[in-house]
Protein chains: 2
Amino acid sequence: MATGRTHRPATRSRGIPEATVARLPLYLRALTALSERSVPTVSSEELAAAAGVNSAKLRKDFSYLGSYGTRGVGYDVEYLVYQISRELGLTQDWPVVIVGIGNLGAALANYGGFASRGFRVAALIDADPAMAGKPVAGIPVQHTDELEQIIGDNGVSIGVIATPAGAAQQVCDRLVAAGVTSILNFAPTVLTVPDGVDVRKVDLSIELQILAFHEQRKAGEETGQVGPEAMEGPEDTAPASPARPTATATDRKGPDGDVPAVMPA
Amino acid sequence: MATGRTHRPATRSRGIPEATVARLPLYLRALTALSERSVPTVSSEELAAAAGVNSAKLRKDFSYLGSYGTRGVGYDVEYLVYQISRELGLTQDWPVVIVGIGNLGAALANYGGFASRGFRVAALIDADPAMAGKPVAGIPVQHTDELEQIIGDNGVSIGVIATPAGAAQQVCDRLVAAGVTSILNFAPTVLTVPDGVDVRKVDLSIELQILAFHEQRKAGEETGQVGPEAMEGPEDTAPASPARPTATATDRKGPDGDVPAVMPA
DNA sequence: CGCTGTGAAGGTGTTCACAGCG
DNA sequence: CGCTGTGAACACCTTCACAGCG
């Protein structure tokens with residue numbers, strides 16, 4: 001079964017590395033800020049600092065686009081803004097639909113930096129009939145029934161899913177069937193899509209959990225410990241820790257201890 | 001100048017790879033779903049499908065945690081839920097503050113899967129005095145003036161920034177000074193933080209731009225082209241394309257063409 | 001001389017393929 | 001016999017360090 005693949009395996013010899021693509025928007029934002037302050041040129045060092053990356057990485061990234069700098073000087077801000085915009089496809093504009101106009105969907109609809117760079121909210125779609133017609137961010141909400149129609153009429157190829165998790169796959173399927181080939185998913189579900197459709201996910205609770213992991217590690221370091229597994233001590237200090245399914249007495253396979261204490265304070 | 005570093009350089013020999021950490025929440029979610037359906041065990045193949053990754057990767061990921069499976073059978077669901085929760089630090093709960101209660105902040109406050117797994121919204125903070133006292137998601141909003149007090153009293157170590165971009169760095173500095181060491185940033189800015197503070201960012205427009213890049217590439221492939229730079233044609237078809245800063249006549253350094261046509265239709 | 005652009009080296013992450021245990 | 005756990009190969013990404021151009 002095809003689990004929602006996100007990127008094709010970097011075919012095409014002259015492809016820009018995925019990691020680089022992911023940073024181009026960052027550079028673009030920094031450059032736009034410079035442009036607004038009428039700064040004419042910028043060095044890799046300065047721009048890298050503004051974008052929060054190191055300068056070698058930035059230079060290598062730009063080298064995939066071409067030789068757009070001037071040695072001994074730096075990069076022409078306007079020129080680079082144009083080149084990156086073009087590379088990202090922001091010189092055309094992309095109609096986008098947002099499906100699921102709850103708290104989050106409304107927040108997205110109101111998000112300014114949205115329309116600013118190449119993206120246009122073509123429609124807001126919600127399953128709740130009571131929402132239909134109500135304007136959010138100046139755009140009237142339309143009912144899910146009209147989804148296919150809207151996608152078709154507006155030539156939408158990018159969809160944003162901000163529905164509850166339970167509805168996400170179904171909405172996704174309809175979007176894809178109607179012709180959408182790129183999806184930004186805010187629902188906490190794994191979406192399954194056919195080949196050729198890109199999915200990116202944004203997931204609050206995943207991000208928080210990653211932070212918690214590092215946070216916990218820091219706390220451990222302070223007291224001279226490595227992590228949750230580093231504390232050796234009397235067994236079963238942890239609350240309701242499930243026993244191993246069929247554990248023999250000598251069965252201790254975890255990297256350090258099986259059932260570590262999770263310090264309450 | 002220290003640009004906001006996010007991870008320490010993978011010190012500590014028995015560290016779990018960052019990429020693995022980032023997937024643990026995914027596994028956890030899939031396992032939780034299985035647990036709710038009272039599924040007792042699961043194979044790497046099944047679980048991988050549910051989490052949207054391949055099974056070899058999943059097995060390797062789990063191998064960093066320890067040998068928690070049973071050969072010929074699979075993994076005990078409950079046991080694995082516990083082990084991953086523990087590894088992620090979700091067996092303790094983390095008080096979190098959300099700063100900036102606009103559309104997005106409200107959406108985050110209302111987000112359910114939040115409280116469910118180890119995270120507790122300790123406070124909502126906003127700079128607008130008119131918001132003070134108003135309850136959002138059942139929690140009264142407090143004014144920014146009280147930020148330090150709130151952090152201290154509640155022992156908050158994780159902060160979520162959902163303010164406008166302009167306020168983000170300032171809020172960040174105050175959070176960090178008050179003792180927060182992990183930040184989830186929704187504002188479209190690069191945050192600079194001292195060493196030892198983790199920042200993760202969630203950025204809608206970056207995600208959209210990445211999708212646009214791939215989308216454009218797809219469109220190019222359909223018509224037998226690679227990307228924006230592949231179209232050879234009469235110069236200056238593109239609107240307002242800035243000329244190269246100090247270009248000599250033979251100056252053509254881009255990978256294919258300097259000023260490509262961006263097809264309007 | 002200063003800065004870009006880039007080979008080369010070193011890391012990190014992924015995938016393969018199979019040994020080995022239950 | 002089936003499935004986990006893992007060495008080894010591979011692919012990708014980052015960083016270094018410096019050649020070379022303006």
Side-chain angles (χ1 to χ4, degrees), chain A residues 3 5-13 15-24 27 41-49 51-77 79-80 83 244-248 250-251 253-255, chain B residues 3 5-13 15-24 27 41-49 51-77 79-80 83 244-248 250-251 253-255:
Chain A
T3 55
R5 258 173 68 268
T6 304
H7 308 298
R8 75 210 68 172
T11 347
R12 202 67 67 165
S13 56
I16 298 171
E18 196 49 37
T20 295
V21 172
R23 279 186 297 265
L24 291 180
Y27 302 144
T41 62
V42 65
S43 71
S44 67
E45 203 72 53
E46 294 165 324
L47 184 53
V53 304
N54 93 35
S55 65
K57 183 147 56 182
L58 177 143
R59 287 200 303 279
K60 178 130 285 199
D61 283 343
F62 286 176
S63 80
Y64 293 116
L65 310 184
S67 295
Y68 291 153
T70 307
R71 290 162 200 250
V73 178
Y75 300 92
D76 182 86
V77 172
Y79 185 65
L80 203 46
Q83 291 299 344
R244 285 213 88 196
T246 39
T248 54
T250 52
D251 190 276
K253 304 274 271 329
Chain B
T3 55
R5 258 174 66 268
T6 304
H7 308 299
R8 76 211 66 171
T11 347
R12 202 69 67 162
S13 56
I16 298 172
E18 196 49 38
T20 295
V21 172
R23 280 186 296 266
L24 291 181
Y27 302 144
T41 62
V42 66
S43 70
S44 65
E45 204 71 53
E46 293 165 325
L47 184 54
V53 303
N54 91 35
S55 65
K57 183 145 59 181
L58 177 143
R59 287 200 302 279
K60 178 130 284 196
D61 283 343
F62 286 176
S63 80
Y64 293 117
L65 310 185
S67 295
Y68 292 153
T70 307
R71 289 161 200 249
V73 179
Y75 300 93
D76 181 86
V77 172
Y79 186 64
L80 202 47
Q83 291 299 343
R244 283 214 88 197
T246 38
T248 54
T250 53
D251 190 276
K253 304 273 272 327

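Values reported hereafter were calculated over all heavy atoms of this structure, with side chains retained and with hydrogens, waters and symmetry mates removed. The chains referred to below are lettered A, B, ... by the order of the sequence lines, with proteins before strands, and numbering in each begins at 1.
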Once rounded to the nearest 0.5 Å, what's the spacing between atom CD of A/Gln83 and atom CG of A/Asp76?
10.5 Å
Mind calculating the distance between OH (B/Tyr79) and C1' (D/dT4) to the nearest angstrom?
15 Å
Does a side-chain N or O from A/Arg23 land closer than 4.0 Å to OP1 or OP2 of D/dT14, or not?
yes
With A/Arg23, which residues qualify under salt bridge (charged side-chain N to carboxylate O under 4.0 Å, His left out), at least two apart?
A/Asp61
Under 4.0 Å between a side-chain N or O of A/Tyr75 and OP1 or OP2 of C/dG5?
yes
Quick one: which of C/dC16, C/dG20, D/dT14 gets closest to the side chain of A/Tyr64?
D/dT14
Please report the distance, rounded to the nearest Å, between CG in A/Asp61 and P in C/dG5.
12 Å
Nearest 0.5 angstrom please: A/Thr20 OG1 to A/Leu58 CG, how far?
10.0 Å
In this structure, CG of B/Leu65 is separated from CD1 of B/Ile16 (nearest 0.5 Å) by 5.0 Å
Can you tell which of D/dG5, C/dC3, C/dG13 lies closest to the side chain of B/Glu18?
C/dG13
Looking only at side-chain N and O atoms, does A/Asn54 come under 4.0 Å of OP1 or OP2 in D/dT14?
no
Quickly work out the B/Leu58 CG to D/dC3 P distance and round it to whole Å.
14 Å
Of B/Val42 and A/Pro17, the one whose closest nucleotide on DNA chain D sits nearer the 5' end is B/Val42
Those residues at least two apart in sequence (or on a different chain) that pass side-chain contact (heavy atoms from CB on, under 4.5 Å) with B/Ser43 are B/Glu45, B/Glu46
Are A/Ser44 and C/dT4 close enough that a side-chain N or O sits under 4.0 Å from OP1 or OP2?
yes
Residue list, side-chain contact (heavy atoms from CB on, under 4.5 Å) with B/Ala22, at least two apart or on another chain
A/Ile210
Got a minute to check which stems DNA chain D is part of, using Watson-Crick or G-U wobble pairs under 3.5 Å, three or more consecutive?
C:1-22 with D:1-22
Just the rounded figure in Å: distance from C1' of C/dA17 to CD of B/Glu45.
14 Å
Could I get the full list of ring pair (Phe, Tyr, Trp, His ring centres under 6.0 Å) partners for A/Tyr75, not counting sequence neighbours?
A/Phe62
Of the nucleotides D/dT14, D/dC13, D/dG7, which has the atom closest to the B/Lys60 side chain?
D/dG7
CZ of A/Phe62 versus P of C/dT4: gap in Å, rounded?
10 Å
Between A/Arg59 and A/Val73, the residue closer to the 5' end of DNA chain D by nearest nucleotide is A/Arg59
Length of the line joining A/Arg71:CZ and C/dC3:P, which is rounded to integer Å
14 Å
Spacing between B/Leu65 atom CG and D/dT4 atom C1', to the nearest angstrom:
14 Å
Taking only N and O in the side chain of B/Lys57, is any of them less than 4.0 Å away from OP1 or OP2 of C/dT14?
yes
